[in-house]
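Below is one structure; the comments refer to it alone.
Counting begins at 1 with the first residue of the sequence. Ligands are counted one by one from 1 in listed order, and the atoms in each one are counted from 1 as well. Owing to the predicted nature of the structure, the values given are computational and were not obtained by experimental measurement.
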Amino acid sequence: MNGLMKHRPHNPSRLASCAILAISVSTLLVADDPITLQRERMVTDQIESRGVRNQDVLQVMRSTPRHLFIPTNLRSMAYEDHPVPIGHGATISQPYIVAFMTELLAPAKKHRILEIGTGSGYQAAILGQLAAEVYTIEIVPELASSAARTLRDLGYSNITVRQGDGFKGWPERAPFDGIILTAAPPEVPSALISQLAENGRLVAPIGSTWMQELIVIEKKGDGTISRRSVCPVKFVPMRQADK
Ligand code: SAH
């Protein structure tokens with residue numbers, strides 16, 4: 001009967017129902033539970049559609065359980081297109097911003113990365129799957145310990161969380177191939193530039209409480225520094241440690 005079907009004129013309603021069937025079968029193949037489906041949609045609709053192309057970044061955004069980094073009462077918002085509060089005045093960044101900053105940082109499997117502003121630990125988890133080692137500093141003790149617990153429970157074993165002041169960086173573990181700030185200082189802290197490896201890259205929101213620019217700093221092999229602005233952003237300000 002297949003041969004006969006080939007010679008029939010196309011029936012548009014049959015084509016439409018075939019297309020619907022094809023979509024639902026592919027959805028079933030890609031996502032067998034609602035959370036996986038939400039994550040697929042987050043990557044396609046919020047991240048790929050806005051131009052993030054790095055396949056490794058897209059892959060870890062697809063597979064990392066973002067909802068488990070968010071307080072239980074707000075988990076239903078985990079895959080929505082905005083930041084979500086995680087307590088203590090902190091937020092887990094919008095999924096697109098996490099992906100975009102990760103793409104700008106360009107972590108590689110042999111890299112050692114420093115993050116300032118652990119928050120929930122989600123950005124660190126993304127970086128941990130793309131780099132050799134991640135060191136992350138959080139100033140709020142409760143957030144540092146809950147992020148460390150989440151990361152440990154989920155088995156991210158190459159990420160070390162420290163409670164402390166990110167302005168000072170982590171000199172004992174320097175130099176870093178990549179440094180990412182997820183809280184905004186008024187200027188790039190000089191300690192962080194000095195802890196950047198040759199050919200290393202720093203990605204940070206820089207500016208006032210209300211207006212910041214996402215910037216990328218590169219340290220060349222001869223030690224010279226280049227700096228470019230990427231776009232306006234809005235992050236929580238970086239806090240000064242109590243003296
Ligand atoms: N990267 C986080 C989002 C962090 S929000 C995530 O994936 O969830 C910014 C975080 O920076 C907050 O948790 C805030 O407490 C922290 N922070 C603010 N000032 C800091 C400082 N001086 N040193 C380290 N962390 C700081």
If you count the atoms of ligand 1 from 1 in the order shown, which ones are under 4.0 Å from a heavy atom of [X]?
X: Ile92; result: 8 (O)
X: Val140; result: 15 (O)
X: Ala90; result: 12 (C), 13 (O)
X: Ser120; result: 6 (C), 7 (O), 8 (O)
X: Ile137; result: 24 (C), 25 (N)
X: Gly164; result: 23 (N), 24 (C)

Any N/O of [X] closer than 3.5 Å to an N/O of ligand 1?
X: Gln240; value: no
X: Ser93; value: no
X: Met238; value: no
X: Ile139; value: yes
X: Leu143; value: no

Closest approach of [X] to [Y] (non-hydrogen atoms, all atoms of both residues):
X: Ile137; Y: Gly166; answer: CG2-N, 3.9 Å
X: Ile92; Y: Ser120; answer: CD1-OG, 3.7 Å
X: Arg239; Y: Ile139; answer: O-CD1, 3.8 Å

Could you tell me the residue and atom name of the protein heavy atom closest to [atom], and the distance to it rounded to 0.1 Å?
atom: atom 7 (O) of ligand 1; result: Gln123 N, 3.0 Å
atom: atom 11 (O) of ligand 1; result: Gly117 CA, 3.2 Å
atom: atom 18 (C) of ligand 1; result: Arg239 N, 3.7 Å
atom: atom 5 (S) of ligand 1; result: Thr91 O, 3.2 Å
atom: atom 23 (N) of ligand 1; result: Gly166 N, 2.8 Å
atom: atom 13 (O) of ligand 1; result: Glu138 OE1, 2.7 Å

Side chain or backbone of [X] under 4.0 Å from ligand 1, or both, or neither, by non-hydrogen atoms?
X: Thr118; result: backbone
X: Val236; result: side chain
X: His88; result: neither

Hey, does the side chain of [X] reach the backbone of [Y] with a donor-acceptor pair shorter than 3.5 angstrom?
X: Arg50; Y: Gln46; result: yes
X: Thr224; Y: Lys220; result: no
X: Arg201; Y: Leu104; result: yes

Hey, are the side chains of Val203 and Val230 touching, using non-hydrogen atoms and a 4.5 Å cut-off?
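Sidechains of Val230 and Val203: no contact.
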Side chains of Ile206 and Pro185: does their closest heavy-atom pair fall under 4.5 Å?
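When only atoms from C-beta onward are counted, Pro185 and Ile206 do touch, with a gap below 4.5 Å.
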What pairs with Thr64 under side chain to side chain donor-acceptor pair (under 3.5 Å), at least two apart in sequence or on another chain?
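Residues passing side chain to side chain donor-acceptor pair (under 3.5 Å) with Thr64: Gln129.
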Non-neighbouring partners of Asp45 that pass salt bridge (Lys or Arg N to Asp or Glu O under 4.0 Å), sequence neighbours left out
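Salt bridge (Lys or Arg N to Asp or Glu O under 4.0 Å) check on Asp45 returns nothing, list empty.
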CA sep, side-chain torsions, deciding dist, call: Thr118, Leu143, side-chain contact (heavy atoms from CB on, under 4.5 Å)
CA-CA 8 Å; Thr118 315; Leu143 290 174; over 6 Å; no
Can you tell me if NZ on Lys110 sees more than 12 non-hydrogen neighbours from other groups inside 6.0 Å?
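12 or below, so no.
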